[in-house]
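Sequential numbering from 1 along the given sequence is applied to the chain's residues. Given the structure is predicted, the values throughout are model-derived calculations rather than measurements.
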Amino acid sequence: MRIDGARALVTGASSGIGAETAVLLAKRGVTVLAVGRDTTALTALTDRTGGRCLAADLAEPDAAARVAEWAGAVDLLVGNAGVGFAGDLNEMPADRLHQVIAVNLTAHLALTRLLLPPMRKARRGHLVFVTSIAGRMGVADEAVYSASKAGLSTFADAIRLAHAPDGIGVSVVVPGVVDTKFFDRRGRPYDRRSPRPVPAAKVAAALVAAVEHNRPEVFVPAWLRFPARLNGLAPALVAKLQRKFG
């Protein structure tokens, strides 16, 4: 997809991967429609990108419809918004469980349904979803987060199959540990020595390249493809390694 002159809706744009993606897209001639929860951060972002912003909490039932109506027809959807929770499933508050599923999965399914018709009519467009290596392998203390990202990845595969004849591309970006505020917000900071967090800008660059070259899937860093594939072939072995080294 040629992105120069395109209109892109970026969710989770207040910080991290979303903010870096918005800046990079703007530099490439894209009109950026930024959505997030932090009004101050969004305003500062639009000062840099020259686009528009909307403060919205995608956990709210009507948020996706409100965002889609505000955005109108777009050429690119960057489904990046995400929240997490680290801890025992039995200790996870019910409202937090629903929030993780709503923001990470349900809102992006709803946005896709609402934004697809104009893309299909124009026979042009691209959807890119930011998932996680946790959605490919599972993480013991992040069961609901892992499930939400796995669901988003499978949804992307299905939409790709269904709408390739319509000229619509679909990409999935699978990051590992990224240097953002996500870990503090999920309730447990990242304190392992390895793997080292990658900069959010690196993920954003991979995301934009995936759109431009219509890549179905990209891992950041690239070596994560190996354990993800190994998990598909030998899940018992991978689970054993995770328990030993995780």
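For the pair Met1/Arg124, a side-chain contact is recorded, criterion being any heavy-atom separation below 4.5 Å from C-beta on. Side-chain atoms of Val172 and Phe219, non-hydrogen and from C-beta on, never get closer than 4.5 Å to each other. Contact check for Asn214 versus His126: side-chain heavy atoms found under the 4.5 Å cut-off.
One side chain, His163 or Asp166, offers a donor N or O that lies under 3.5 Å from an acceptor on the other. At a cut-off of 3.5 Å, with distance as the only test, a side-chain donor of Asn104 or Ser148 sits close to an acceptor on the other residue.
Taking the charged nitrogens against the carboxylate oxygens, Glu217 and Arg136 do have a contact shorter than 4.0 Å, which makes a salt bridge. Using a cut-off of 4.0 Å between Lys/Arg side-chain N and Asp/Glu carboxylate O, Glu212 and Arg28 are scored as salt-bridged.
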List the atom pairs, with distances to 0.1 Å, where a side-chain N or O of residues 44-51 and a protein N or O form a donor-acceptor pair under 3.5 Å, not counting sequence neighbours.
from  : atom 1 : to    : atom 2 : distance (Å)
Thr46 : OG1    : Leu42 : O      : 3.2
Thr46 : OG1    : Thr43 : O      : 2.9
Thr49 : OG1    : Leu45 : O      : 3.3
Thr49 : OG1    : Gly51 : N      : 3.3

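We find the CG-CZ distance between Leu77 and Phe129 to be 5.5 Å, quoted to the nearest 0.5 Å. Here the straight-line distance linking atom CG of Leu25 with atom CD1 of Ile3 works out to 5.5 Å at 0.5 Å rounding. Rounded to the nearest 0.5 Å, atoms CG (Leu76) and CD1 (Ile168) are 12.0 Å apart. Here CZ of Arg160 is found 10.0 Å from CG of Leu127. Values are rounded to the nearest 0.5 Å.
Between the side chain of Thr21 and the main chain of Ala204, no donor-acceptor pair closer than 3.5 Å is present. The closest donor-acceptor contact from the side chain of Arg7 to the backbone of Asp75 lies at 3.5 Å or more, if one exists at all.
Shown here for Ala64 and Ala107, the closest heavy-atom pair between the two residues is CB-O, 3.9 Å.
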